[in-house]
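Labels below follow one simple rule: chain letters A, B, ... track the order of the sequence lines, proteins then strands, and each chain is numbered from 1.
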Number of protein chains: 2
Amino acid sequence: MDAVGDGVTRWRRVADGIRAAIGDGTVADRLPPEAELAERFGVNRHTVRRAIAALAADGLVRAERGRGTFVSGGAPRLAYEIGPRTRFSENLLAQARRPGGRMLRAAIVPADAETAALLDCAPGTDLHRVESIREADGVPLSVATAWYPAARFPGLVAALVETGSVTEALRREGLADYRRRETRVTAERLSAADAEHLSSSADGLVLVARAVNVDLSGRPVQALVTRFHADRTELVFRS
Amino acid sequence: MDAVGDGVTRWRRVADGIRAAIGDGTVADRLPPEAELAERFGVNRHTVRRAIAALAADGLVRAERGRGTFVSGGAPRLAYEIGPRTRFSENLLAQARRPGGRMLRAAIVPADAETAALLDCAPGTDLHRVESIREADGVPLSVATAWYPAARFPGLVAALVETGSVTEALRREGLADYRRRETRVTAERLSAADAEHLSSSADGLVLVARAVNVDLSGRPVQALVTRFHADRTELVFRS
DNA sequence: TGCCATTTGTTCGTATGTATT
DNA sequence: AAATACATACGAACAAATGGC
């Protein structure tokens, strides 16, 4: 490098400087332009951009081309409760949010090894695969992919389209009730396709919840992978 | 720019090219040096670096200074089960993993509003704040911050240091048993400090689990924020 | 409507620092 | 000790989106 004070890189010191300015309220909403920051910190504009990229990665700021770079005001997350009787609509209505959503795709696919194990069926078994988006107050919240044994629920997709409700569609197919057996949660980066569906910036995060729902006798009826927008959601588990 | 084929930026096309090469096995373990990639794709080395940074952000590759850039072979995640009686050591031993860890810091701090609400005490109440790292087979798994009412457990920190076990330390302080009331899960980017503790690249992800543990009469005894390394962990909730 | 200044995004060039082999 | 390879930093130019006039 060149004349560096300590062992810390310049872009880190710029990032810390901006972070401090946000912390003490010196910059409330919008950051000065990159060119001005570069001059003020006595570094190249690239160095400022590297610093801002780091802050953006921490979710502290958000850069918008042609407009500027803004301090991201953290909106409160929706608390999505997951338990034995998780139902999307009930969950949202309990928090005075309007549930919504739509089906993206539906197809019949052969079960791969992983899904077959979850649904306790033979690999290759015909499954309905249904992809859908779920919204709260019109804001996309999650993208979900669900698999159902096709032989057991032959008219499922039509019922889903007609009712718009998983619970109601399964009821029409003869399933009185179901409950969630287990949920496995991981975190991933938003894929480009999901970013579009969730109308989010491309560098967002998702909470991935993999679940199995079973009927009252314990037979799996649905394998579910839901990708929740991490900035808008918090998953709640009660013990 | 200059002669661009379509509306896609060059670094994205380079990234897609590398991604494809990884996908079809053309590059199995190690990427060619940046200079060679630059020449092969007919772009500047900076453009290659931008592409590699994006792939690294997706967790697909991992750059090591002086050595090269490597395809990160996804190790299977540790399934960390969370329930009413979550105990770290038991959890790991059940999967034939060796539990470990160490305390990072301990201090007495006044309760802020949020923690006070969780622990059902007045804001400003003295709390032990204990930060620690937990490991599986010597690999850092999570960084945890715990708050305990100091008045109720005066000798807690000494007991934690001596026993290395939360359950055992609380028992010495007169708490026979405790259970988890609820867990709230979010996803965040790894902070610089946590990245060091978890010996991870700076652009990793964490699963943040916020929990409250209560005694048998339902009184909160511990507020807990655990940041799990998302690449190494999967949280499992049974209903 | 279109033009223009502002601001972030991309790309190239060049040089030097630092860790690994 | 030398070569290799990634990391940081500066300079310059143009592209693309936004917003005001």
Side-chain angles (χ1 to χ4, degrees), chain A residues 1-18 27 29-57 59-72 192 195 199 201-204, chain B residues 1-18 27 29-57 59-72 192 195-196 199-204:
Chain A
M1 249 65 67
D2 43 318
V4 168
D6 42 26
V8 182
T9 58
R10 295 190 170 187
W11 67 263
R12 261 180 216 284
R13 282 192 296 177
V14 173
D16 288 343
I18 296 173
V27 290
D29 187 50
R30 185 186 157 166
L31 266 61
E34 293 171 349
E36 188 182 325
L37 288 170
E39 191 182 10
R40 200 183 298 183
F41 282 99
V43 298
N44 189 273
R45 192 179 143 224
H46 282 309
T47 310
V48 170
R49 283 182 59 74
R50 181 77 177 79
I52 287 178
L55 296 174
L60 202 65
V61 301
R62 174 177 31 85
E64 295 178 25
R65 180 201 290 215
R67 298 195 353 105
T69 303
F70 303 86
V71 180
S72 11
S199 48
S201 67
D203 59 352
Chain B
M1 251 60 71
D2 41 316
V4 169
D6 41 29
V8 182
T9 58
R10 294 190 172 191
W11 69 262
R12 266 182 211 281
R13 283 192 296 176
V14 172
D16 287 343
I18 297 174
V27 290
D29 188 49
R30 185 186 157 163
L31 265 61
E34 293 172 345
E36 189 181 324
L37 288 170
E39 191 182 9
R40 201 183 298 183
F41 283 98
V43 298
N44 190 272
R45 199 183 133 230
H46 282 309
T47 310
V48 170
R49 283 182 59 72
R50 180 75 178 84
I52 288 178
L55 296 174
L60 203 64
V61 301
R62 175 176 30 84
E64 295 179 23
R65 175 191 320 216
R67 300 198 348 105
T69 303
F70 304 87
V71 180
S72 25
E196 195 174 343
S199 48
S200 166
S201 68
D203 56 355

[X] side-chain N/O to [N] phosphate OP1/OP2 under 4.0 Å:
X       : N      : value
A:Asn44 : D:dA9  : no
B:Arg49 : D:dC6  : no
B:Thr69 : D:dA5  : no
A:Thr47 : D:dC10 : yes
A:Arg67 : D:dA17 : no

Nucleotide paired to D:dA13 in any strand shown, Watson-Crick or G-U, under 3.5 Å:
C:dT10
Under 3.5 Å, is there any donor-acceptor pair linking the side chain of B:His46 to the base of C:dT14?
yes
Touch class at under 4.0 angstrom, heavy-atom based, for B:Arg30 against every strand present
sugar-phosphate
Distance check needed: [N] [atom2] versus [X] [atom1], whole Å only.
X       : N      : atom1 : atom2 : value
B:Arg65 : D:dC6  : CZ    : C1'   : 7 Å
A:Ile18 : C:dT8  : CD1   : P     : 11 Å
A:Arg50 : D:dA7  : CZ    : C1'   : 9 Å
A:Phe41 : D:dT8  : CZ    : P     : 18 Å
A:Glu34 : C:dG9  : CD    : P     : 6 Å
B:Glu64 : C:dT21 : CD    : C1'   : 13 Å
A:Leu31 : C:dT8  : CG    : C1'   : 12 Å
B:Arg45 : C:dT16 : CZ    : P     : 15 Å

Counting only heavy atoms not in B:Glu39, do more than 12 fall under 6.0 Å of its CD?
no
Report yes or no: does B:Arg13 contribute a side-chain atom to a donor-acceptor pair with the main-chain N or O of B:Phe41 at less than 3.5 Å?
no
Contact summary for B:Arg67 and B:Arg30, nearest pair of heavy atoms:
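B:Arg67 and B:Arg30 have their closest heavy atoms at O-NH2, 3.1 Å.
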Quick one: CG on B:Leu55 to CG on B:Leu31, what's the gap to the nearest 0.5 Å?
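With rounding to 0.5 Å, CG (B:Leu55) is 8.0 Å from CG (B:Leu31).
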If we only count heavy atoms from C-beta on, is the A:Glu34 to A:Ile52 side-chain gap below 4.5 Å?
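Heavy-atom side-chain distance check passes, below 4.5 Å.
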